[in-house]
Amino acid sequence: MSQQNIYPSEPSEKKQIEHKIMLLYLINKMDIPLPNSQITQFALEENYMNFYAVQQYLKEMVDIDYLDHSTDNNTTRYTITGEGLKALDALADHVPSHLKNRITKYVAQNRKEVMKGFETTANHFYDHDTGEYIVKCGVYDYDTLLMEINLSVVNKEQALLICNNWKGNVGSLHAQIINILLSKEGSDETRFSH
């Protein structure tokens, strides 16, 4: 009996690489931090891989710095890193065009829902183009966006601090920002001249 027959459900090394590149492609195509649940849903809906394989591949890609992850309110979100982009560029041919088309369609159909869940809390992600971290802070009243602030900071520690401070003080911060913006003192142009 060959060793391949002992573990028939274990994908070949080539298939594992294809699965990892497919996940990188999906996360990159979404272009916002993608929740674990959304990644898993995509893989399971199309029977590309099982739940455990998705979790294993995500962990492995975080370990080798192809993905960055952050956890907020028990939701883990993934973004592609610079190293992940290099790997994706080098190995993108391993993702068949029909699968790329399916991912593009999935992103178009689900991006709005992912954004909605993403914007209801303070989150951060690494911007591979600028080398900085982007922090998105939002305030909602049910489904209505009341305020959204996007900041660019130089490191992950600053991004985490801003997220934590926003979540811990969102009521007072929202009120202070509104008061400052509505203040007549701030509208005097001479205040900013030398």
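If you read the sequence from its start, that first residue is 1, and numbering goes on from there.
Pairing each heavy atom of Thr81 with each of Asp68, the nearest pair is CG2-N, 3.6 Å. Across all non-hydrogen atoms, the minimal contact from Ala87 to Ile21 is O-CD1, 4.2 Å. Taking each heavy atom of His124 and Ala159 in turn, the nearest pair found is CB-CB, 3.6 Å. Nearest heavy-atom pair across Met22 and Val95 is N-CG2, 3.9 Å. Smallest separation of non-hydrogen atoms from His19 and Tyr48: NE2-O, 3.1 Å. Residues Thr79 and Tyr126 share a closest heavy-atom pair of OG1-N, 4.1 Å.
Two residues are said to be in side-chain contact when any heavy atoms from C-beta on lie closer than 4.5 Å; Tyr66 and Lys20 fail this criterion. Residues Ile64 and Glu83 fail the side-chain proximity criterion, which asks for heavy atoms closer than 4.5 Å. Contact of the Ile149 side chain with the Trp166 side chain is registered, since non-hydrogen atoms from C-beta on lie closer than 4.5 Å.
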Walk me through whether Tyr57 and Met49 qualify under side-chain contact (heavy atoms from CB on, under 4.5 Å). CA-CA 10 Å; Tyr57 298 152; Met49 59 193 94; 3.7 Å; yes
For Leu24 and Leu67: C-alpha separation, side-chain torsions, deciding distance, then whether side-chain contact (heavy atoms from CB on, under 4.5 Å) applies. CA-CA 8 Å; Leu24 286 175; Leu67 293 176; 3.6 Å; yes
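For the atom pair CD1 of Ile27 and CG of Leu85, the computed distance is 11.0 Å after rounding to the nearest 0.5 Å. Residue Gln55 holds its CD atom at 11.5 Å from CD of Glu60, rounded to the nearest 0.5 Å. One distance of note links CD1 of Ile103 with CZ of Phe42; it measures 4.5 Å at 0.5 Å rounding. For the atom pair CE of Met61 and OH of Tyr78, the computed distance is 9.0 Å after rounding to the nearest 0.5 Å. Note that the CG atom of Asn123 and the CD1 atom of Ile162 stand 13.0 Å from one another [nearest 0.5 Å]. Between Glu132 atom CD and Ile134 atom CD1 the span is 6.5 Å, to the nearest 0.5 Å.
Counting only distance, with no hydrogens or angles, the side chain of Lys29 and the backbone of Lys100 share no donor-acceptor pair below 3.5 Å.
Within 6.0 Å of NZ in Lys156 there are more than 12 heavy atoms belonging to other residues, nucleotides or ligands. Annotation for Gln109: atom CD counts as buried by contact number, over 12 foreign heavy atoms lying within 6.0 Å. Around NE2 of His128, the count of heavy atoms belonging to other residues, nucleotides or ligands within 6.0 Å exceeds 12.
Put simply, Val62 and Met30 are part of the same group of oily side chains (I, L, V, M, F, W, Y) that touch within less than 4.5 Å, one to the next.
Looking at Leu88, Ile39, Leu34 one by one, the single match for side chain to side chain contact (heavy atoms under 4.5 Å, CB included) with Leu23 turns out to be Ile39.
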